[in-house]
Participant: 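Here it is, the structure, as C-alpha cells.
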Amino acid sequence: MRERSLTHLQRLEAEAIYIMREVAASFARPVMLYSIGKDSSVMLHLAMKAFYPAKPPFPLMHIDTGWKFREMISFRDETVRRFGLDLIVEQNSEGVAQGINPFEHGSNYTQIMKTDALKAAMVKRRFDAAFGGARRDEEKSRAKERVFSFRNAAQIWDPKNQRPELWNLYNTRIRPGESIRVFPLSNWTELDIWQYILAEDIPLPPLYFAAERPVVERDGQLIMVDDGRLPLSPGEVPQQRMVRFRTLGCYPLTAAVESGATTLQEIVAETIAVRSSERAGRLIDREQGASMERKKREGYF
Amino acid sequence: MDTATLQTFLAAQEQKDLLRFLTCGSVDDGKSTLIGRLLYDSQLLFEDQLTSLQSDSARFGTAGTDVDFALLVDGLEAEREQGITIDVAYRYFATEKRKFIVADTPGHEQYTRNMATGASTADLALLLVDARQGLMRQTRRHAYITALLGIRHVVLAVNKMDLVGYSRERFDEIAGAFRALAADLGFESLAVIPVSAKLGDNVTAKSAHMSWYEGPTVLEHLETVPAGGRDAAPHLRFPVQWVNRPDADFRGYCGTLAGGSVRPGQQIAVAASGKVTTVSRIVAQGDDLPQAEAGEAVTIVLADEIDISRGDMLVDAASRPEVADQFAAHLIWMNDSALLPGRPYLLKIGPREIPASVTEIKYRVDVESFGHEAAKTLELNDIGVCNISLAEPVAFDPYADNRQTGSFILIDRLTNLTVGAGMIDFALRRATNIHWQALDTGRQAKASLKGQQPVVLWFTGLSGSGKSTIANIVEKKLHGRGRHTHLLDGDNVRHGLNRDLGFTDADRVENIRRVAEVARLFADAGLITLVSFISPFRSERRLARERMEPGEFVEVFIDTPIDVCAARDPKGLYAKAKSGQLKNFTGIDSPYEAPELAEIRLDTTTAEAEALADLVIAWLDENGKI
C-alpha cells in the first residue's frame with residue numbers, strides 16, 4: 001500500500017477542498033474574496049467541486065477599487081451568472097468621493113481603496129472567515145503565513161505570534177469580532193495554477209491572452225490605457241502592442257508583458273520559460289523589501 | 001517551446017511525485033543558506049528575485065560582499081534585521097525528477113513548536129550540524145521530535161566542512177555520534193552527508209574537496225529517497241467533514257480519506273455507533289467515481305439513511321478503529337502557560353472538537369538523554385506522555401498506524417490558542433470497564449421528597465472579600481425557610497479532603513475539581529449547596545458549571561476591590577503575602593480572573609452583608625429556584 005496513485009495536482013486539489021469544507025462547517029458567516037484573476041478562478045472552480053451537487057455555502061465578494069480593467073468586470077459578471085452564485089461588490093465610497101486614485105496617492109491608494117474597503121466590508125457584513133487566493137510562493141512574508149491566518153478584532157495580522165498549524169488540524173476558534181483569513185491555495189506554485197487551469201479547462205479573463213492593446217511604456221513597464229483616466233505626459237502616445245498580463249489588478253498599477261501567447265498552452269509554455277516572477281508585474285510590491293509584510297499586517301490580503 | 005515539447009513536459013510533470021521535507025538544526029547551522037543554495041543551484045530563482053537578493057545582501061547580509069542565500073527564505077522583517085529565522089517558512093521547487101515542498105524551521109529552542117509544525121506534514125527531515133560544533137542539545141531534540149512525529153527518513157548534513165579543512169576524521173566522528181544517537185529512534189533510512197552550503201560542496205554538485213566521500217549529494221539523495229507513505233494506512237478511514245444536503249433527495253457525506261480506499265458496494269461501518277451499511281455512490285462533478293484512494297476529497301452516498309454528522313468516522317467494517325473516551329498520548333506543549341492536569345481544554349481530532357482534560361502526566365521526556373522524569377505539569381516546548389480523558393468516546397487509531405486519525409491538537413477554551421499537539425499511543429480501557437451504576441432512586445426523587453430543587457450557589461472572590469460571611473448568612477436564611485442546605489467552605493475543605501494540596505496553579509485546579517465533584521454529589525442528593533471558594537480561574541469555574549445539570553449552577557461574584565480586601569485582612573494573610581512570607585497568594589502574586597457573566601454580582605462596598613444575602617435570596621425567588 002505504500003505506492004500512491006495521486007498526482008501532485010490531485011493532492012493540491014484535495015487539500016484545497018478539505019480546507020474549504022472545514023471553513024464551511026466551522027464558521028457562521030464565511031465569504032470568498034473574488035478578485036477575478038487566475039488564482040481566484042482556480043479557487044472558485046475548487047469551491048464548485050467541494051460542495052457539488054450543492055452550491056458553495058458562502059457568497060463571493062469583490063472589492064472594487066474603481067480602477068479595474070473593464071474586461072475584468074465583464075468577466076466577473078459573466079462568471080457569477082454562469083455559476084448562479086451570489087456576488088457582493090464593495091467599494092470605499094468615501095475614497096471615491098475624495099477622488100483617491102493610483103496616480104496621486106501612491107501606496108495610500110492601496111491602503112484606502114483595497115485594505116480599508118475590505119476591512120469595512122468584513123465588519124459591516126459581520127464575516128468571520130474570508131477565503132483568499134494567495135499562495136506562499138508569491139512572496140517572502142506570504143511564505144510564513146498560516147493556511148488559517150488569525151486576525152484580531154482590528155483585523156491585524158501578528159506574524160510573530162501565529163497559532164501553530166499541525167497536520168490538517170486547523171484551529172477555527174475565534175471570539176466575536178475576530179476573524180480568520182483562509183488560503184486554500186497556500187501550497188500551489190504559479191506553475192501548478194497554470195497546469196490545473198489547463199487540465200480542468202478553467203475559463204479566464206481575456207487579458208491573460210496576448211492581443212493588440214494600447215499601452216504606454218513607463219520605467220520599462222508597459223501600462224495599458226484602459227480608459228481616458230490615465231494621465232498621459234506631453235508627447236506620450238499610446239501604442240498598439242501585442243501584450244498580455246501575468247497578473248490582474250488595477251490597470252494603472254499592473255504592467256503588461258510583450259507576448260504572442262494566445263492559447264492556454266502557449267501561456268503555460270511561456271510561463272515555464274520565463275525568468276521573472278509574477279509579482280514583479282505589480283508595482284506596489286517593489287517599494288521596499290518588507291512592504292508586503294507591512295501591508296498584510298494592516299489587513300491587506 | 002512548441003506544443004509537442006509542452007505536452008511532453010506536462011506529462012512528465014504529472015508523473016512526478018512529491019517529497020515534503022523539513023530542515024532543522026541549531027542557530028547558525030546554515031539551514032536557510034542550504035535551502036537558498038538548493039534553489040540557486042537548481043536555477044529556480046527568477047531574475048528579479050536575484051536582483052533583490054543582491055541588494056538585500058548588501059543591506060542585511062551576513063556574508064560580506066557575497067550573496068547571502070539565507071535572505072531568500074528569511075521573509076519577516078525582524079528576521080532580516082536580526083539575521084535569524086523565527087517562523088516556519090515554506091518553499092517550493094522542482095527538479096527533473098521530483099517536486100519538493102520544504103519547511104524551513106527555526107533552531108531557537110523557544111520556537112521548537114514551529115519545528116513540530118513543519119515535521120507534522122513532512123516525509124523526510126534534513127538536520128544540519130555545524131562541523132565545528134558537532135551535535136548540540138538542539139540536534140538531539142530535533143532528532144527526537146522527527147522520530148516522534150513519525151518521519152521515517154533522515155538526512156544529517158554536516159555543514160561548514162570548509163571551516164574544518166574538509167576533515168574526514170571530523171566528519172566520521174560526527175557521523176558516528178549521530179548514528180549512535182539515531183539507533184534508538186527507529187528511522188527507516190539515514191544518510192550523513194558532508195557539505196558546505198555557502199560554497200556549494202555536495203549540495204547539488206559533488207565536492208572537489210572531499211574525494212573521500214563517495215555517497216550522494218544532498219539533492220541526489222532527496223531525489224531518490226522513497227516519497228509518500230504518509231497516507232499509507234491500509235484500512236478505510238473516512239472522517240465526515242460536512243453533510244451535503246442541497247435538497248430532500250440528496251444526502252452526501254463529504255470528507256477526505258485518511259486511509260484505505262472506497263468503492264460503491266463496499267460495506268462500511270460508522271465507528272462510534274457500530275451501524276453497518278454500504279456505499280452506493282461516490283459523487284463528483286461530472287461522473288460518479290468508481291473508487292477513491294487515501295488522500296482524495298470526495299462525497300459519499302450511503303444505501304441506508306442512518307444518523308451521521310460531522311465528526312463521525314466511516315470505516316472498513318472488517319477493520320475498525322479504537323473507540324474510547326480515554327487514551328495515552330505523547331503531548332508537545334506549545335504555550336507559555338503551562339499544561340494544568342484536570343483543566344478542561346478543547347481537543348480537535350479530525351473534524352471533531354470535544355472537551356478533554358489531561359488526567360495524569362506519566363512522565364516528561366528529557367530530550368537530551370531521552371530518559372523519563374516525573375512531572376506535575378508541562379511547560380512550553382516540553383514533551384510528555386499523558387493520559388487524556390474526553391467528554392465522549394471518539395474513534396481513532398494509534399499514531400504509529402495512521403498519522404491522520406492518530407493526531408490531535410489541544411485548544412485553550414478561553415484564549416482559543418493552540419496550546420498542545422498530541423500523538424495517540426493506545427486506548428485506555430479503564431473507562432470501558434467502569435460502567436455507570438444505574439441507581440433506582442433518582443436525584444429528582446430525592447429532591448422532591450425535600451420539596452425543593454437542587455442548586456449550587458458558587459461564591460467566588462478574593463480572600464477577604466466576604467464570601468464566607470455572605471454565604472453563611474444566605475445558608476441561615478435558607479435554613480429558616482425550611483430548605484435543606486450544605487455549605488462547603490474553602491478553608492474547611494483544605495483541612496480535610498484537600499489537605500494534600502498546596503497553592504500552585506496545578507493544585508488550585510485539582511482543589512476546585514474535587515470540590516465541584518463533591519458539590520455535584522450533594523446536588524444529586526437534592527441539597528441546595530453553597531460553595532465558598534476563591535476559585536480564581538475561569539476555566540475551573542466553567543468546569544464546575546459543566547459538571548452540574550443545566551440551570552443548576554449559580555455563580556455569585558463577591559466583587560470587592562483588592563485594596564479593600566487587603567485593608568480588612570481578617571486573617572492577616574495580605575500582610576504576610578506582601579512581606580513575601582506567603583507565596584502564590586491570589587491577587588498578589590497569583591492571578592484572579594473575575595467572572596464575566598456571573599448570575600449574581602455583589603458589590604460589598606455599597607451594602608452590608610445582610611442586605612447582600614437578601615439579594616441572593618431574592619434572585620433565587622425570582623428565578624424559581626426556591
Side-chain angles (χ1 to χ4, degrees), chain A residues 1-11 13-15 17-18 21-22 24-25 48-55 136-137 139-144 159-160 162-169 171 173-175 186-187 189 191 195 198 265 268-269 272-277 280 289-290 293-294, chain B residues 1 3 6 9-10 13-14 16 18 46-49 52 56 75-78 80 86-92 99 101 113-114 116-117 120-121 228-229 231-232 234 241-242 244 246 250 254 256 283-285 293 295-297 299 310 334 346 348 351 403-404 407-409 411 416-418 421:
Chain A
M1 288 300 290
R2 293 191 60 87
E3 284 307 306
R4 294 290 320 283
S5 56
L6 295 196
T7 65
H8 183 68
L9 282 181
Q10 283 174 317
R11 278 207 195 197
E13 178 187 75
E15 180 183 65
I17 288 175
Y18 177 87
R21 289 170 173 171
E22 203 61 8
M48 296 303 294
K49 280 196 170 190
F51 301 98
Y52 179 86
K55 298 253 168 71
R136 284 175 176 152
D137 85 324
E139 200 274 335
K140 273 183 276 195
S141 70
R142 289 211 199 282
K144 307 217 163 185
K160 287 170 86 171
Q162 302 189 74
R163 295 174 175 179
E165 200 161 78
L166 293 99
W167 300 287
N168 59 353
L169 297 173
N171 180 346
R173 311 285 300 184
I174 53 168
R175 284 183 277 212
S186 287
N187 286 324
T189 63
L191 183 57
Q195 272 185 259
L198 200 54
Q265 299 241 344
V268 176
I272 295 161
V274 82
R275 302 296 302 151
S276 175
S277 72
E293 183 187 345
R294 290 219 183 96
Chain B
M1 192 181 289
T3 310
L6 177 68
F9 173 83
L10 290 176
Q13 289 289 318
E14 275 295 290
K16 277 182 196 174
L18 170 70
F46 293 120
E47 273 160 20
D48 59 312
Q49 286 176 329
S52 82
D56 280 0
L76 298 177
E77 215 170 339
R80 294 146 77 85
I86 58 173
D87 204 337
V88 56
Y90 293 92
R91 294 286 143 189
Y92 306 83
K99 289 203 170 204
I101 299 181
R113 61 181 180 183
N114 292 327
T117 302
S120 71
T121 51
D231 308 309
Q241 208 186 352
W242 171 259
N244 195 342
F250 185 89
C254 301
T256 299
V283 177
Q285 210 174 34
E293 303 289 327
E296 282 189 80
T299 300
R310 175 173 160 90
M334 302 188 144
L346 206 58
K348 185 164 189 188
R403 273 170 100 172
Q404 304 291 327
S407 55
F408 62 88
I409 56 173
I411 298 169
N416 285 330
L417 295 175
T418 303

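Naming: A, B, ... by sequence-line order, numbering from 1 per chain. Scope of the values below: all heavy atoms of this structure, side chains included, with no hydrogens, waters or symmetry mates.
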Participant: As an exercise: rank Thr256(B), Asn244(B), Ile101(B) by heavy-atom pairs under 4.5 Å with chain A and give me the winner.
Facilitator: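 Highest number of pairs under 4.5 Å: Asn244(B).
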Participant: Has Glu293(B) got a side-chain atom pairing as donor or acceptor with Leu6(A)'s backbone, closer than 3.5 angstrom?
Facilitator: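 The answer is no, because no donor-acceptor pair under 3.5 Å joins these two groups.
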Participant: Report the option among Met334(B), Gln241(B), Lys99(B), Gln285(B) that has the most heavy-atom pairs separated by less than 4.5 Å from atoms of chain A.
Facilitator: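 Of the candidates given, the most pairs with chain A belong to Gln241(B).
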Participant: Where do Ala14(A) and Gly295(B) come nearest, in terms of heavy atoms and distance?
Facilitator: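 Closest heavy-atom pair between Ala14(A) and Gly295(B): CB-O, 3.1 Å.
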Participant: Specify the closest pair of heavy atoms between Cys254(B) and Ala50(A), including all atoms of both residues, with the distance to one decimal.
Facilitator: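 In terms of heavy atoms, the two residues are closest at SG-O, 4.3 Å.
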Participant: So, for Ile17(A) and Ala297(B), which heavy atoms are closest and what is the spacing to 0.1 Å?
Facilitator: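 Here Ile17(A) and Ala297(B) meet closest at CG2-CB, 3.7 Å.
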Participant: Set out, in order, the CA-CA distance, both residues' side-chain angles and the distance that settles side chain to side chain contact (heavy atoms under 4.5 Å, CB included) for Ser407(B) and Leu169(A), then state yes or no.
Facilitator: CA-CA 9 Å; Ser407(B) 55; Leu169(A) 297 173; 4.0 Å; yes
Participant: Please classify the contact of Leu191(A) with chain B as side chain, backbone, both or neither, using a heavy-atom distance under 4.5 Å.
Facilitator: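 When you check distances to chain B, only side chain atoms of Leu191(A) fall under 4.5 Å.
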Participant: Supply the atom-to-atom distance Asn187(A) CG to Leu18(B) CG, rounded to the nearest 0.5 angstrom.
Facilitator: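 Between Asn187(A) CG and Leu18(B) CG, I get 9.0 Å after rounding to 0.5 Å.
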Participant: Looking only at non-hydrogen atoms, find the nearest pair between Ser120(B) and Glu165(A) and report the distance.
Facilitator: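 Shortest heavy-atom contact: OG-O, 4.4 Å.
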Participant: Salt bridge (Lys or Arg N to Asp or Glu O under 4.0 Å) with Glu22(A): which residues, sequence neighbours excluded?
Facilitator: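 For Glu22(A), the residues satisfying salt bridge (Lys or Arg N to Asp or Glu O under 4.0 Å) (neighbours in sequence not counted) are Arg310(B), Lys348(B).
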Participant: Checking Ile411(B) against chain A: side chain, backbone, both or neither under 4.5 Å from a heavy atom?
Facilitator: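 For Ile411(B), side-chain heavy atoms alone lie under 4.5 Å from chain A.
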Participant: For Glu15(A), which atoms come within 4.5 Å of any heavy atom of chain B: side chain, backbone, both, or neither?
Facilitator: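 Only the side chain of Glu15(A) comes within 4.5 Å of chain B.
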Participant: What are the two closest non-hydrogen atoms of Asn171(A) and Leu417(B), and how far apart are they?
Facilitator: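 Looks like ND2-C, 3.8 Å.
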Participant: Select one option (side chain, backbone, both, neither) describing which atoms of Phe250(B) are under 4.5 Å from chain A's heavy atoms.
Facilitator: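 Contact with chain A: side chain only.
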Participant: Whether the side chain of Arg403(B) engages the backbone of Trp167(A) through a donor-acceptor N/O pair (distance < 3.5 Å, no angle test) should be reported.
Facilitator: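 No; judged by distance alone, with no hydrogens or angles, the pair does not exist.
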Participant: Measure the OH-CG distance between Tyr92(B) and Asp137(A) for me, rounded to the nearest 0.5 Å.
Facilitator: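 Those atoms lie 7.5 Å apart.
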Participant: Show, in sequence, the C-alpha distance, side-chain angles and deciding distance for Asn416(B) and Arg163(A), and conclude whether the side chain to side chain contact (heavy atoms under 4.5 Å, CB included) test is met.
Facilitator: CA-CA 9 Å; Asn416(B) 285 330; Arg163(A) 295 174 175 179; 3.5 Å; yes
